[in-house]
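Taking it in order: structure first as structure tokens, then the write-up.
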Amino acid sequence: MPAELDKRFDPKPVETRLYRAWMERGLFRAPAGDTRPRFSMVIPPPNVTGALHLGHALNNTLQDVLARHKRLLGFDVLWMPGTDHAGISTQVVVEKDLAKRGLTRHDLGREQFVDQVWEWKAKYGARIVEQLQALGVSCDWERERFTMDPGLSRAVREVFVRLHREGLIYRSEYLVSWCPRCTTVLSDLESPYKPVNGKLYKIKYALVDGSGAIEVETTRPETLLGDTAVAVHPDDERWNALIGKSLRLPLLGREIPIVADTFVDRDFGTGAVKVTPAHDPHDFECGRRLGLAMINILHPDGRLNDAAGPYANLDVAEARKKVVADLDAQGLLTGVTEHAHEVPHCDRCDTLVQPLLSEQWFMRMAPLAAPALAAVREGHVRLHPKSWENTYYHWMENIRDWAISRQLWWGHRIPAWKCAACDEWTVAIEDPTQCTHCGSTEITQESDVLDTWFSSALWPFSTMGWPDDTETLRAYYPTNVLSTAADIIFFWVARMIMMGVHFTGSLPFRDVYLHPLIRDEQGRKFSKSKGIGIDPLDVMGIYGTDAMRFTLTSLAVQGRDIRFGMQVMEGGRAFVTKLWNAARFALMNLADYDANASVGERGLYDRWILHRMDVAIADAHVALDEFRFNDAAQTLYHFVWGELCDWYIELAKIALQSSDEAQRRAAQATLVTVLRGALTALHPIMPFVTDEIAASLPDADGRFLMERSYPERGAGLDAESARDLDALVEVVTRIRQVRGELDLPQSTLVGVAFPIAATAFVQRHSAAIRALARTAPPTCSDEPPSPTASVVLVQGWSLRVELDDPRFVADEVRRLEKELLRVDKDLAITAKKLDNPSFVERAKPEVVQAEREKLSQLQAERGSVHERLEKLRRAAGGET
RNA sequence: GGGCGCGUAGCUCAGCUGGUAGAGCACCUGGUUUACACCCAGGGGGUCGGCGGUUCGAUCCCGUCCGCGCCUACCA
């Protein structure tokens, strides 16, 4: 005796109950020891900074779809969960939190501050996990990892030490992007360009010998304090006579040379460039090439230092103002123009980035990039959509060394110790007690930590126990799929590939799925700082988790962003409700159903829906294999709504009320089979509602859907039966069209007459036609239609719909006229094609043949419509 | 400045290898039929951004222009 379902589905209590039950049953656990084929993924570890956003919801829904799908296919699945310490981001939020209490991290000191961050991590890391679980994700939570876990920290040290030993990690003075607010170096990736409306200042530099002056232009006039040359293009006839002469640096009076360098663009400004090697990336390169002095004019906090002479201790903005004023006063400022350009800002705190000279740890990338590039080129790693591969190639081919040190407190502290005696570095996995170079015990550890992405790059194997040769690693590494956002291809994906190849000898994953970016209704990128965004927890609260998951899945198209407004959720919710109600209908009709009794011969309609289900599930699986999540969702949606509910359930009602016990039982059994099949197929997308319904089906056995598998393929339908069903659908639809166009109410049953040739068809489907098209019992005769009949041509039969009311004649005339217009239009197009000799000659024969058939069909249709119309007009004319 | 992508019904978007355009929502009409008004049945609505080209035939291929977006870049 099946359970009853409530009139309405109430998601929340079901979600919490089921998730707990799944966990208790250990359904997400990856055993590592068994013999089934394996499928593994690592979660892109969310930052412990804050809360889950809609992008996470999308990405993790899609991963969960894959994980559950593979389980239903019989795979041993590991989906490895965890979180990321997110160096700068987390440090910044904790500092902001401290600032509310009027404290800075320096008030606490390093150790205490780091303790504070761990507290933050404990709190928000747990919250993130809760939110992921609310989404229903089936990660193996017993294996949850954090990038600063002891094991992962050991992996980080191991990698650092090995790379250092291989000469791939080195220290160097370099012009880095510096955030004066965070007082740390930023990678290129962490300092995005933003448009700024600046000014272009034209400044006059006088020649020392008094023979004239050169004008240069700059957007950052304060940097002239650090100028050590002015450069011109060697082939520039305006200036090359002056090369080698000296200029008097304005304000400070220093003598600087005029140098030649081809990096100068002769067409920009005056063709002469001031060179500030310590504060501009291009000038730095130029300075290196020419051996120019490098004068650093900045303190790490962004104020000017003593090298700036009278401008010392001003911050950059103040110094600029004063420099400009002083230049102007001395008549050296010869022009100011508006100048819009793009300037790097700190990705985390939006502060203007300053290029600054400093000693940093670097990682040599070119040797690592080569195999990673080849892996994608040769198709061993595939990006989906493929279009991202070009972006990947471009970046990898032009890869630069990676500045890996960060002047932060939160993160993996660099395992390098500096000797006070010999000034050498000792790099070691275990904390050393003395210098390996001179044996001195006067060593102190580097205070810098590693860029967050350093540990993220190891994630696929560090989470599985590397560098130990663990069972987990052997079983689940390399992983199969990585699903992530496209904007971190370089930050993360490329680096995982490089590190994976280098340290494990294997590519860390085969397929990389880049999910679409979610934007708001106006197409803006979601952003916490601008307050643009939708909280997935709100969405789940209002519409239910299944509805959100279904909606997100059906929006996940390859290569296109998603515009998300709350309104699109309605469709998902409606679908959940539809499924629920279909199940309610089934259960109402299964009260006396015995799951163990044998099922006799299934009816035509039963076999049809089983066949349709087979096709739908197969299509959905192909779509999933190709990461076409939207297609998978849509295929199943259409099957459930457009075929199961719209047609099969309506057809089944006939059998269910039938006095033929065998027919009734077959329909009951089919209903159970199809419903369970549909629920299973939808389970990866909508895990909660499907499991909830499945538990009340009469064949429930206490197992969850995930403990079962997809329905077996096979309940085939022969081609002839399929055509028979197509004909039925068309007949019913055509009758409904006539009814609809004449606005007949449901209560009006119309008479329908088929030609004698259709007798067998009518006998087979009489009950269905009556019920679905709301007709009187259909008859078969070849008599001409009565004056008040509407005639439609379907399946080659002239079908008469008796209207029994002269009032409808006018409507019918209008309907036929419209019909005639349509047929004539189609006829014209088809005829034109066939009249074209080159079409008949050159088009594929089967296409020509199809056109010919279409032509004759249309001609017959036209004849019938026309004849009918004439008759009606005559009849109408005769009456009035 | 380069590279990539997008522009299809009022809205949000599907349309794999070229053969007379689809869905959901919205809109209009009619509906309490053994689940579902978050529903059922029917309907209207598109020169597939513009212009050229290839082809018997182009939303789909090529060129170009217009309008968006993303990535990337050393014009100070």
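Chain letters run A, B, ... following the sequence lines, proteins first, then strands; residues in each count from 1. Bear in mind the structure is a predicted one, so any value in this text is a computation, not a measurement.
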Write down the distance separating the [atom1] atoms in [N] and [M], rounded off to the nearest Å.
{"N": "rU8(B)", "M": "rG69(B)", "atom1": "P", "result": "15 Å"}
{"N": "rU17(B)", "M": "rC74(B)", "atom1": "P", "result": "37 Å"}
{"N": "rC65(B)", "M": "rG19(B)", "atom1": "P", "result": "28 Å"}
{"N": "rG10(B)", "M": "rA26(B)", "atom1": "C1'", "result": "7 Å"}
{"N": "rG24(B)", "M": "rC66(B)", "atom1": "C1'", "result": "30 Å"}
{"N": "rA37(B)", "M": "rG31(B)", "atom1": "C1'", "result": "11 Å"}
{"N": "rA21(B)", "M": "rC4(B)", "atom1": "P", "result": "31 Å"}
{"N": "rA23(B)", "M": "rG46(B)", "atom1": "C1'", "result": "14 Å"}

| Are Tyr648(A) and Tyr605(A) close enough that their ring centres sit under 6.0 Å apart? |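 Centroid separation for Tyr648(A) and Tyr605(A): 6.0 Å or greater.
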| query | Given rA14(B), is OP1 or OP2 found less than 4.0 Å from the side-chain N or O atoms of Arg560(A)? | reply |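 Checking Arg560(A) against rA14(B): at least one side-chain N or O falls below 4.0 Å of OP1 or OP2.
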| With respect to the phosphate group of rA76(B), does any side-chain polar atom (N or O) of Arg220(A) fall under 4.0 Å of OP1 or OP2? |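 For Arg220(A), the contact criterion (side-chain N or O under 4.0 Å from OP1 or OP2 of rA76(B)) is not met.
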| said: Under 6.0 Å from the ring centre and within 45 degrees of the ring axis: does the NZ or CZ of Lys653(A) meet both conditions for the six-membered ring of Phe585(A)? | reply: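 That pair qualifies as a cation-pi contact.
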| query | Is the NZ or CZ atom of Arg560(A) positioned over Trp388(A)'s six-membered ring, under 6.0 angstrom from the centre and within 45° of the axis? | reply |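 No.
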| request: Looking only at side-chain atoms of Ala582(A), point me to the closest of rU72(B), rC25(B), rA35(B). | output: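 Of all the options, the side chain of Ala582(A) is nearest to rA35(B).
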Which part of the nucleic acid, if any, lies within reach of [X] when heavy atoms closer than 4.0 Å are counted: base, sugar-phosphate only, or nothing?
{"X": "Ile562(A)", "value": "nothing"}
{"X": "Gln634(A)", "value": "sugar-phosphate"}
{"X": "Val568(A)", "value": "nothing"}
{"X": "Arg770(A)", "value": "nothing"}
{"X": "Asp487(A)", "value": "nothing"}
{"X": "Val576(A)", "value": "nothing"}

| query | Hey, is Arg822(A) close enough to Glu861(A) for a salt bridge, meaning N to O under 4.0 Å? | reply |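 Yes, this pair counts.
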| request: Mind checking which stems touch RNA chain B? I mean at least 3 consecutive Watson-Crick or G-U pairs, both distances under 3.5 Å. | output: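 If one scans RNA chain B for consecutive Watson-Crick or G-U pairs, the stems found are B:1-7 with B:66-72, B:10-13 with B:22-25, B:27-31 with B:39-43, B:49-53 with B:61-65.
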Distance check needed: [N] [atom2] versus [X] [atom1], whole Å only.
{"X": "Leu514(A)", "N": "rC4(B)", "atom1": "CG", "atom2": "C1'", "result": "13 Å"}
{"X": "Leu224(A)", "N": "rA76(B)", "atom1": "CG", "atom2": "P", "result": "17 Å"}
{"X": "Glu397(A)", "N": "rG3(B)", "atom1": "CD", "atom2": "C1'", "result": "12 Å"}
{"X": "Leu656(A)", "N": "rA35(B)", "atom1": "CG", "atom2": "C1'", "result": "12 Å"}
{"X": "His279(A)", "N": "rC74(B)", "atom1": "NE2", "atom2": "C1'", "result": "18 Å"}
{"X": "Lys199(A)", "N": "rA76(B)", "atom1": "NZ", "atom2": "C1'", "result": "17 Å"}
{"X": "Leu175(A)", "N": "rC74(B)", "atom1": "CG", "atom2": "P", "result": "13 Å"}
{"X": "Arg519(A)", "N": "rU12(B)", "atom1": "CZ", "atom2": "P", "result": "14 Å"}

Is it true that a side-chain atom of [X] and a backbone atom of [Y] form a donor plus acceptor pair closer than 3.5 Å?
{"X": "Trp580(A)", "Y": "Asp6(A)", "value": "yes"}
{"X": "Asp280(A)", "Y": "His282(A)", "value": "yes"}
{"X": "Arg739(A)", "Y": "Arg774(A)", "value": "yes"}
{"X": "His279(A)", "Y": "Ile297(A)", "value": "yes"}
{"X": "Thr270(A)", "Y": "Glu215(A)", "value": "yes"}

| note | Contact string for nucleotides 36-46 of chain B, one letter per nucleotide 5' to 3', B = base within protein heavy-atom range under 4.0 Å, S = sugar-phosphate only, - = neither, reads B-BSSSSS---
| said: Would you compute the distance between atom CZ of Arg220(A) and atom OG1 of Thr276(A) and round it to the nearest 0.5 angstrom? | reply: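 Taking CZ in Arg220(A) and OG1 in Thr276(A), the distance rounds to 7.0 Å.
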| task | Give the intermediate values and the outcome of side chain to side chain contact (heavy atoms under 4.5 Å, CB included) for residues Gln558(A) and Phe629(A). | result | CA-CA 8 Å; Gln558(A) 288 207 2; Phe629(A) 292 96; over 6 Å; no
Considering residues, nucleotides and ligands other than [X], do more than 12 of their heavy atoms fall under 6.0 Å from its [atom1]?
{"X": "Arg238(A)", "atom1": "CZ", "result": "yes"}
{"X": "Gln567(A)", "atom1": "CD", "result": "no"}
{"X": "Gln857(A)", "atom1": "CD", "result": "no"}

Under-3.5 Å N/O pairs linking protein and nucleotides 19-22 of chain B:
none

| task | Would you kindly compare Gln558(A) and Trp580(A) by the position of their nearest RNA chain B nucleotide and give the one closer to the 5′ end? | result |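 Per heavy-atom nearest nucleotide, the more 5' residue is Gln558(A).
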